[in-house]
**Student:** 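Okay, here's the structure, questions in a sec.
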Amino acid sequence: MQLEARARAAISQALQELGMVCPEPLPVERTRPEFGDISSRVAFVLARELGGSPQEVASKIAGALAGHPELAEAAAVGGFVNLRFAPHALHRLLKEILQAGEEYGRRDLGRGRSLQVEFVSSNPTGPLTVGHGRQAALGDVLANLFQALGWQVTREYYLNDEGRQIDLLAQSLWARYRQALGAETPLPEGGYQGDYLIPIGEELAEKWGDRYPSWDAGAKEAFRREAVGRMLRLIQEDLEAFGVSFDVWTREGDLHRRGLVRETFEALRERGAVYEREGAFWMRSKEHGLARDPVLIRSDGTPTYLMVDIAYHVDKFRRGFARVIDVQGADHAEEQQQVKLALRILGYPDDFLHYCVHQFVTLKGRAGVEKMSTRAGRFIRLGDLISELGRDVVRYFMVRRKPESHLTFDYELAKKTSMENPVYYVQYAHTRIASIFREAGESARRDALGVTEADLSFLTDPEELALIKELDRFPDVILQASEFSPHLLCEYLEGVAGLFHPYYSRVRILGQGEATLARLALLSGIQLVLRRGLSLLGVSAPEEM
RNA sequence: GCGCCCGUAGCUCAGGGGACAGAGCGCUGGCCUCCGGAGCCAGAGGUCGCAGGUUCAAAUCCUGCCGGGCGUACCA
């Protein structure tokens with residue numbers, strides 16, 4: 001990132017000397033090694049305004065850049081202005097990275113504003129599945145990234161502990177309970193067929209005996225509470241195993257009790273956004289370009305999920321969040337449009353709510369089911385996957401693809417402990433460096449970290465310079481990854497490791513006189529970035545493997 | 001039918017106006033006296049789904065078509 005900043009400074013100074021206007025923003029980007037470090041298409045922009053060919057303009061700029069102390073080369077090629085930095089300029093970058101230490105990559109773009117990330121929010125009708133795993137990893141990593149960018153982040157889980165699905169769950173559990181007592185009670189139609197309710201039913205049969213022979217109000221209440229409590233515990237166990245913890249759990253029931261759902265509905269009605277038909281209340285969405293008008297209040301007077309969701313977002317706004325990110329599956333796309341529309345009608349700012357939408361996960365190479373469904377009892381538990389592969393691997397694989405792409409989870413690859421597995425490839429780079437520092441001894445480590453001791457001018461190898469340039473990208477990668485693209489962080493870390501491993505195997509670090517200290521400083525920087533990056537992913541950076 | 005997302009190397013996927021299109025796996029051929037070989041090096045492999053259009057410049061933007069996923073509930 002500093003590289004871009006320095007390039008901009010140099011070019012804008014050159015433009016000033018030439019009496020040219022500096023375009024805002026000044027276009028600058030990393031380029032392939034043949035062209036140098038940084039390339040700018042500024043001449044294309046200026047040529048359009050000033051006349052003349054881009055190449056002519058570029059030549060003038062390159063001429064004015066000649067002799068710049070930080071640059072080894074400035075050239076005009078095909079209208080581009082290409083810059084190559086002098087090694088000493090790169091050495092300074094490394095020094096700054098090491099001085100920043102654990103703070104490297106942190107920024108204050110959020111300026112302490114509060115941000116809520118709501119994710120998982122799985123209904124407590126069963127254990128978490130691999131699909132929820134993607135969401136859990138995605139939400140947690142996004143939260144980490146925004147924290148690093150200076151936001152005050154709240155991780156929130158919305159617990160849907162009311163409604164028909166919960167009733168169905170309760171009744172399914174009651175049926176299992178009756179079955180445990182020897183009755184032939186069938187599961188309710190559309191009920192939850194998974195095996196996971198069987199042992200709970202047996203346990204309740206033992207505890208309660210024949211206390212609930214029929215599905216009456218008393219049974220409903222008892223089994224609902226029991227079912228939600230049990231399922232919640234299952235979910236929390238899996239989340240804990242996955243290393244995800246939430247700051248706030250919001251229950252649907254709370255929103256009702258506080259009258260917020262009713263109030264929000266009335267507000268929508270006052271604004272003319274609601275009409276009544278066939279005994280139900282509908283939202284006027286079609287006239288705003290959406291595909292259909294959804295029901296807000298059913299003809300039996302109960303609010304739909306959408307209605308409650310709208311109220312929930314009003315609540316989020318009132319709680320003072322400057323920004324809210326909801327991580328949701330692609331199957332909620334229409335719902336999202338409706339909530340956004342409702343918030344717009346109610347007068348809330350458009351940039352308040354952001355949806356991070358992700359596609360589904362297919363698990364490849366493991367015995368199990370293809371098409372999952374909690375209700376039908378066809379699913380693979382996230383907890384099983386974690387105990388088979390480890391938290392690090394599952395988390396890493398879950399965020400390695402961009403959210404809007406379908407994720408094929410390659411179980412065979414995930415199971416490998418060789419460097420073919422990208423997680424280990426990255427972790428192993430970290431471990432190798434740790435090993436070198438163990439070998440070098442504590443004093444060398446301190447000297448390398450106390451960069452004043454190391455004479456970085458010994459770092460002249462192109463691979464060494466390339467590594468420094470790559471480390472310099474880290475802050476920018478965090479920003480890009482935060483734009484709902486955490487996969488870019490994985491790609492980046494694999495790139496850093498991919499530069500380090502070959503370098504390590506070719507260049508000897510220890511016992512090289514003064515060069516050793518400089519190389520240890522470089523390794524220290526690499527290790528720092530790997531550790532920080534992995535930590536943002538919630539993946540461990542082991543000293544030994 | 002309509003709406004949203006996705007079609008890039010054999011496979012899994014990056015890149016989403018700029019300079020000859022990238023990575024990992026797989027494949028072919030090399031390299032283990034040396035800081036962790038849980039590796040390293042080299043190579044082969046692509047009409048960026050198809051057809052138009054915008055632009056000095058398109059894998060990238062626009063339109064149409066084809067193929068796949070999801071949605072299109074008074075479920076959540």
Side-chain angles (χ1 to χ4, degrees), chain A residues 27 29 31-32 34-35 39-41 44 47-48 53-54 77-80 82 121-123 125 158 160 162-166 168 190 252 277-282 289-292 294-309 329-337 357-360 362 364-365 374-375 397 400-410 412-413 416-422 424-425 427-429 431-440 485 487-488 490-492 494-495 498 501-512 516 519-520 523 544-545:
Chain A
E29 62 186 33
T31 189
R32 53 182 87 213
E34 312 92 88
F35 296 138
S39 156
S40 176
R41 52 187 178 80
F44 289 89
R48 192 171 308 162
S53 77
V77 182
F80 292 92
N82 294 333
S121 298
S122 155
N123 293 338
T125 54
Y158 176 61
N160 211 279
E162 308 228 335
R164 317 199 153 177
Q165 292 307 318
I166 296 300
L168 266 178
E252 179 183 349
R277 194 185 51 165
E278 294 164 9
F281 291 93
W282 307 67
L290 296 194
R292 66 184 193 95
V295 170
L296 295 176
I297 306 286
R298 300 186 187 95
S299 49
D300 68 2
T302 59
T304 59
Y305 175 86
L306 172 64
M307 183 61 241
V308 181
D309 203 19
D331 53 336
H332 285 69
E334 198 209 335
E335 158 94 8
Q336 294 157 7
Q337 298 296 319
V357 182
H358 66 87
Q359 292 290 336
F360 296 131
T362 311
K364 188 188 90 182
T374 303
R375 216 175 301 184
F397 272 61
R400 194 158 176 257
R401 299 284 175 241
K402 62 177 167 187
E404 63 269 33
S405 283
H406 199 97
L407 170 66
T408 304
F409 191 110
D410 188 341
E412 290 300 326
L413 180 61
K416 287 185 181 167
T417 54
S418 66
M419 285 211 236
E420 287 166 46
N421 185 330
Y424 294 119
Y425 190 72
Q427 287 183 320
Y428 188 47
T431 303
R432 266 186 159 166
I433 294 173
S435 166
I436 292 169
F437 277 115
R438 273 196 301 276
E439 187 74 21
S485 304
H487 65 288
L488 295 179
C490 297
E491 191 176 66
Y492 170 73
E494 286 167 42
H501 286 302
Y503 169 68
Y504 164 87
S505 63
R506 190 176 60 77
V507 175
R508 185 151 179 100
I509 310 297
L510 299 179
Q512 305 301 302
T516 287
R519 289 177 187 163
L520 285 174
L523 262 56
E544 293 175 37
M545 288 172 76

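The sequence lines fix the lettering, A, B, ..., with proteins before strands; numbering per chain opens at 1.
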**Student:** Looking at every heavy atom in both A330(A) and V357(A), which two are closest together, and how far apart are they?
**Tutor:**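 Closest approach of A330(A) to V357(A): CA-CG1, 3.6 Å.
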
**Student:** Rounding to an integer number of Å, can you tell me how far Q359(A) CD sits from rG69(B) P?
**Tutor:**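 Rounding to the nearest Å, CD of Q359(A) and P of rG69(B) are 12 Å apart.
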
**Student:** What is the glycosidic conformation of rC32(B): syn, defined as within 90° of 0, or anti?
**Tutor:**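 Syn, which is what one calls it when the glycosidic angle falls within 90° of 0.
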
**Student:** Please determine whether any donor N or O and acceptor N or O are separated by less than 3.5 Å between the side chain of T125(A) and the base of rA76(B).
**Tutor:**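 A donor-acceptor contact between them is absent.
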
**Student:** Does R41(A) have a side-chain nitrogen or oxygen under 4.0 Å from the phosphate oxygens OP1 or OP2 of rG17(B)?
**Tutor:**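 It does not, given that no N or O in the side chain of R41(A) lies less than 4.0 Å from OP1 or OP2 of rG17(B).
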
**Student:** Considering only side-chain heavy atoms of Y504(A), which listed nucleotide, rC35(B), rA73(B), rC40(B), is closest?
**Tutor:**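 Closest of the options to the side chain of Y504(A): rC35(B).
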
**Student:** Which whole number of Å gives the distance between the P atom of rC62(B) and that of rC25(B)?
**Tutor:**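 My reading of the P atoms in rC62(B) and rC25(B) gives 35 Å.
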
**Student:** Rounding to the closest angstrom, what is the interatomic distance between rG46(B) and rG37(B) at atom C1'?
**Tutor:**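 Between the two C1' atoms, the distance is 33 Å.
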
**Student:** Can you tell me which nucleotide in rA19(B), rA76(B), rC35(B) comes closest to the side chain of L510(A)?
**Tutor:**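 Given the options rA19(B), rA76(B), rC35(B), the side chain of L510(A) is closest to rC35(B).
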
**Student:** For rC13(B), take OP1 and OP2 only and decide whether either is under 4.0 Å from a side-chain N or O of T408(A).
**Tutor:**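 Yes, such a contact exists.
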
**Student:** Does S39(A) reach a base, just sugar-phosphate, or nothing at all? Heavy atoms under 4.0 Å.
**Tutor:**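 Base: the residue S39(A), judged by heavy atoms under 4.0 Å, touches a nucleobase.
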
**Student:** Return the value, rounded to whole Å, for the distance between atom OH of Y424(A) and atom P of rG24(B).
**Tutor:**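 Result: 20 Å.
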
**Student:** Under the 3.5 angstrom rule, does the side chain of T516(A) hit a backbone N or O of I509(A) as a donor-acceptor pair?
**Tutor:**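 A pair under 3.5 Å: yes.
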
**Student:** Can you find a heavy atom in the side chain of Q359(A) that is under 4.5 Å from one in the side chain of R401(A)?
**Tutor:**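 No, too far: nothing below the 4.5 Å cut-off.
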
**Student:** Is there a donor on the side chain of T31(A) or the base of rA19(B) sitting less than 3.5 Å from an acceptor on the other?
**Tutor:**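 Indeed, a donor on one side and an acceptor on the other fall under 3.5 Å apart.
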
**Student:** So which atom in T31(A) and which in S39(A) form the shortest heavy-atom distance, rounded to 0.1 Å?
**Tutor:**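 Looks like CB-CB, 3.6 Å.
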
**Student:** Do F80(A) and the base of rG18(B) stack face to face, with centres under 5.5 Å apart and an angle between planes under 30°?
**Tutor:**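 The ring of F80(A) is not stacked on rG18(B).
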
**Student:** Go through rG71(B), rA19(B), rA76(B) for me and flag the one nearest to the E334(A) side chain.
**Tutor:**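 Shortest atom-to-atom distance from the side chain points to rG71(B).
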
**Student:** For the side chain of E420(A), starting at C-beta, report the closest nucleotide among rA73(B), rA76(B), rC25(B).
**Tutor:**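 The listed nucleotide nearest to E420(A)'s side chain is rC25(B).
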
**Student:** Check RNA chain B for consecutive Watson-Crick or G-U pairs with both distances under 3.5 Å and list the runs of at least three as stems.
**Tutor:**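 Paired runs of 3+ in RNA chain B: B:1-7 with B:66-72, B:10-13 with B:22-25, B:27-31 with B:39-43, B:49-53 with B:61-65.
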
**Student:** Take the protein atom CD of E29(A) and the nucleotide atom C1' of rG16(B), then report the distance between them rounded to whole Å.
**Tutor:**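 Result: 13 Å.
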
**Student:** Round to a whole Å and report the spacing from CD of E404(A) to P of rG16(B).
**Tutor:**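 Nearest whole value for this atom pair: 12 Å.
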
**Student:** Given rG15(B), rA19(B), rC56(B), identify the nucleotide with an atom nearest to the side chain of F44(A).
**Tutor:**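 Within the option list, the nearest is rC56(B).
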
**Student:** Calculate the interatomic distance between M419(A) atom CE and rC41(B) atom P; express it in whole Å.
**Tutor:**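 Distance check: M419(A) CE to rC41(B) P gives 11 Å.
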
**Student:** By nearest nucleotide on RNA chain B, pick out whichever of R401(A) and S435(A) is the more 5' one.
**Tutor:**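 So the residue in question is R401(A).
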
**Student:** Quickly work out the R506(A) CZ to rA42(B) C1' distance and round it to whole Å.
**Tutor:**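 Spelled out: CZ on R506(A) to C1' on rA42(B) is 15 Å.
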
**Student:** Base, sugar-phosphate, or nothing: which does F35(A) touch, judged by heavy atoms less than 4.0 Å apart?
**Tutor:**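 Base contact.
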
**Student:** Counting distance only, does the side-chain N/O of H501(A) pair as donor-acceptor with the main-chain N or O of Y428(A) below 3.5 Å?
**Tutor:**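 No, because the side chain of H501(A) does not come within donor-acceptor range (under 3.5 Å) of the backbone of Y428(A).
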
**Student:** Whether the side chain of D331(A) and the base of rA76(B) hold a donor-acceptor pair under 3.5 Å is what I'd like checked.
**Tutor:**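 For D331(A), whose side chain was compared with the base of rA76(B), there is no donor-acceptor pair (under 3.5 Å).
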
**Student:** Examine rC40(B): is either OP1 or OP2 under 4.0 Å from a nitrogen or oxygen in the side chain of Y425(A)? Give yes or no.
**Tutor:**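 Checking Y425(A) against rC40(B): at least one side-chain N or O falls below 4.0 Å of OP1 or OP2.
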
**Student:** Considering only the P atoms, how many Å lie between rG24(B) and rU63(B), rounded to the nearest integer?
**Tutor:**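 About 36 Å, rounded to a whole number of Å.
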
**Student:** Between K402(A) and rG15(B), is there a side-chain N or O to OP1/OP2 distance below 4.0 Å?
**Tutor:**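 So the side-chain polar atoms of K402(A) do come within 4.0 Å of the phosphate oxygens OP1 or OP2 of rG15(B), strictly under.
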
**Student:** Regarding A280(A), tell me which of base, sugar-phosphate or nothing describes its non-hydrogen contacts under 4.0 Å with the strands shown.
**Tutor:**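 Since a base atom lies under 4.0 Å of A280(A), the category is base.
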
**Student:** Closest to the H332(A) side chain: rC74(B), rA76(B), rC35(B)?
**Tutor:**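 Nearest nucleotide to the side chain: rA76(B).
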
**Student:** Between rA58(B) and rG16(B), how far is it from one C1' atom to the other, in whole Å?
**Tutor:**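 Nearest-Å result for rA58(B) against rG16(B) at atom C1': 11 Å.
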
**Student:** Among the nucleotides rG69(B), rG18(B), rG16(B), which one has an atom lying closest to any side-chain atom of H406(A)?
**Tutor:**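 Per side-chain heavy atoms of H406(A), the pick is rG69(B).
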
**Student:** Please name the pair of heavy atoms, one in R292(A) and one in E334(A), separated by the smallest distance, quoted to 0.1 Å.
**Tutor:**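 So the minimum-distance heavy-atom pair works out to NE-OE2, 2.8 Å.
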
**Student:** For rG22(B) and R32(A) - does any side-chain N or O of the residue sit under 4.0 Å from the phosphate oxygens OP1/OP2?
**Tutor:**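 True: R32(A) side-chain N/O within range (under 4.0 Å) of rG22(B) OP1/OP2.
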
**Student:** Measure CD/Q336(A) against P/rC5(B) and give the value in whole Å, please.
**Tutor:**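 Atom-to-atom, Q336(A) to rC5(B), this comes out as 12 Å.
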
**Student:** Please identify which of these residues, I166(A), N160(A), D309(A), meets the side chain to side chain contact (heavy atoms under 4.5 Å, CB included) condition with E252(A).
**Tutor:**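 The option that passes is N160(A).
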
**Student:** For R164(A) and for R508(A), find the nucleotide of RNA chain B with the closest heavy atom, then tell me which residue's nucleotide is more 5'.
**Tutor:**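 Going by which nucleotide is closer to the 5' end, it is R508(A).
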
**Student:** Looking only at N and O atoms, is any donor in the side chain of S405(A) or the base of rC13(B) less than 3.5 Å from an acceptor on the other one?
**Tutor:**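 Checked by distance alone, the answer is no.
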
**Student:** Select base, sugar-phosphate, or nothing to describe what P422(A) touches, counting heavy atoms under 4.0 Å on all strands.
**Tutor:**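 Here P422(A) touches no strand at all.
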
**Student:** Measure from CG on L290(A) to P on rA73(B) and round the result to the nearest Å.
**Tutor:**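 Taking atom P of rA73(B) as the reference, CG of L290(A) is at 14 Å.
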
**Student:** Check every atom of rC40(B), rA76(B), rG37(B) against the side chain of H501(A) and return the nucleotide holding the closest atom.
**Tutor:**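 Given the options rC40(B), rA76(B), rG37(B), the side chain of H501(A) is closest to rC40(B).
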
**Student:** Could you tell me how far rU47(B) sits from rA59(B) if I compare only their P atoms? Round to whole Å.
**Tutor:**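 It works out to 14 Å between them.
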
**Student:** Which whole number of Å gives the distance between the C1' atom of rC40(B) and that of rC32(B)?
**Tutor:**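 The same atom, C1', in both gives a distance of 10 Å.
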
**Student:** Let's see if you can work this out: which of rG39(B), rC11(B), rC35(B) has an atom nearest to the side-chain heavy atoms of K364(A)?
**Tutor:**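 Between rG39(B), rC11(B), rC35(B), the one nearest the side chain of K364(A) would be rC11(B).
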
